[in-house]
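Inspection log for the structure reproduced underneath, given as C-alpha cells.
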Amino acid sequence: LATQATTTAGTAHTADDNANSEILTFYKGPFGDSGKTLTITPGSTLDDIVAKINGDTNVGTYLTAAKVGNKLQITSKAYGSGGTYFVSSSQSAAANNSGIGIESIQGIGTDVAGTINGESATGRGQCLTGDDKPNAKVAGLQIRVNSATIGDKGKIVFSQGIAAQAFFRSREVTDAL
C-alpha cells in the first residue's frame, strides 16, 4: 500500500495576531539538503498560510496544504519514499502561527510492496516492477497499484503487441542453429 507523506502541525491556529514573519523551511526529498524557504507574513490566518504554501512555485509543486480542524496539514503530492520531506519553522509552535514549531517534523511516504505472479518485485511510489532475478518471467513488468487496501489484487492478462510478436518471431526464424 503506497502512501503519501503527511505532516500535521502540533498546535491549532486560533489567533491571527503574530507580529513577526515566520519562515517555514522544507528540506530533503524533492527539496534537497539545502531546502526551500517560505515566508509567512505577520497577521496571517490559517487560510492565508494554506494559500501561501499551495501557491508557491517551489513548495506548492510538491506539497498540498490544507486546514484540518484548525491545524495546518501538509501532504506530498507524490506517493512513496520519494515524497518524504521535513519541515520546520523559525518560530516555536503557537496558536498564532503555522503551529509547526522549530523542531523538524517529517512526512514519510511508503512505497508499494508485493509480488507479481508470486515473483519478487520492487516498489517505488505506486509502481511495482518485476525484478530480474530469480527468473525473468516478470522482469521489467510494471504495474501501478492505487488500491487503498492491502492484499491480492487478482489477475492481470498480458499479451505482447503485434510488433513485439513479429520481432521475436523474426529472431526465431533467423537465429543460427
Side-chain angles (χ1 to χ4, degrees), residues 1-12 24-38 46 49-50 52-89 93 98-165 167-168 171:
L1 180 64
T3 62
Q4 294 166 284
T6 300
T7 54
T8 302
T11 302
L24 297 179
T25 303
F26 300 87
Y27 58 99
K28 299 288 186 190
F31 307 108
D33 291 338
S34 59
K36 300 289 182 194
T37 60
L38 194 65
L46 184 53
I49 296 169
V50 166
K52 180 80 171 184
I53 293 169
N54 290 337
D56 185 79
T57 56
N58 291 313
V59 176
T61 300
Y62 301 104
L63 304 174
T64 300
K67 177 181 176 179
V68 178
N70 285 335
K71 289 185 177 183
L72 176 63
Q73 184 176 74
I74 304 169
T75 303
S76 172
K77 291 181 180 180
Y79 280 83
S81 59
T84 295
Y85 65 90
F86 288 83
V87 62
S88 64
S89 171
S98 70
I100 296 292
I102 58 174
E103 295 294 323
S104 294
I105 55 176
Q106 182 180 20
I108 301 173
T110 311
D111 293 319
V112 68
T115 59
I116 300 172
N117 196 34
E119 297 180 31
S120 64
T122 301
R124 183 175 177 149
Q126 290 180 310
C127 293
L128 191 61
T129 304
D131 293 338
D132 290 337
K133 296 181 180 169
N135 57 47
K137 288 183 181 175
V138 298
L141 179 64
Q142 190 175 75
I143 300 170
R144 181 171 179 231
V145 182
N146 60 1
S147 175
T149 61
I150 61 172
D152 190 339
K153 301 301 173 209
K155 297 187 182 299
I156 296 174
V157 177
F158 171 78
S159 63
Q160 296 175 328
I162 189 79
Q165 291 177 23
F167 172 76
F168 289 116
R171 285 182 59 197

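Just so you know, these numbers come straight off a predicted model, no measurement behind them.
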Residue pair Glu119, Asp131: steps toward the side-chain contact (heavy atoms from CB on, under 4.5 Å) verdict: CA-CA 8 Å; Glu119 297 180 31; Asp131 293 338; over 6 Å; no
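Listed for the Gln73 side chain is no donor-acceptor partner under 3.5 Å among the backbone atoms of Thr8. Put simply, the side chain of Thr3 gets close to the backbone of Thr110: a donor and an acceptor are under 3.5 Å apart.
Identified under the side chain to side chain donor-acceptor pair (under 3.5 Å) test for residues 24-38, with sequence neighbours left out: Tyr27-Ser104, Lys28-Asp33.
Separation of atoms CG (Leu1) and CG (Asn146) is listed at 10.5 Å; rounding is to 0.5 Å. The distance from atom CG of Asp132 to atom OG of Ser120, rounded to the nearest 0.5 Å, is 9.0 Å. Distance check: Ile100 CD1 to Thr7 OG1 gives 5.0 Å after rounding to the nearest 0.5 Å. One distance of note links OG1 of Thr61 with CG of Asn54; it measures 10.5 Å at 0.5 Å rounding. Between the CG atom of Leu72 and the OG1 atom of Thr11 there is a distance of 11.0 Å, given to the nearest 0.5 Å. Here the CD1 atom belonging to Ile143 is positioned 6.0 Å from the CG atom belonging to Leu128, to the nearest 0.5 angstrom.
Residues Ile53 and Ile74 approach most closely at CD1-CD1, 4.2 Å, considering heavy atoms. Contact record, Asp111 with Ser81: OD2-OG, 2.8 Å, taken as the closest heavy-atom pair. Between Gln4 and Thr75 the shortest heavy-atom distance is CB-CG2, 3.8 Å. Residues Lys77 and Leu63 approach most closely at CE-O, 3.6 Å, considering heavy atoms. Closest heavy-atom contact between Asn70 and Lys67: OD1-CE, 3.4 Å. What you find for Phe31 and Val59 is that their closest heavy atoms are CE2-CA, 3.9 Å.
Heavy-atom contacts from other residues, nucleotides or ligands closer than 6.0 Å to OH of Tyr62 number 12 or fewer.
Within the 4.5 Å cutoff, the side chain of Thr129 has no heavy atoms near those of the Arg124 side chain.
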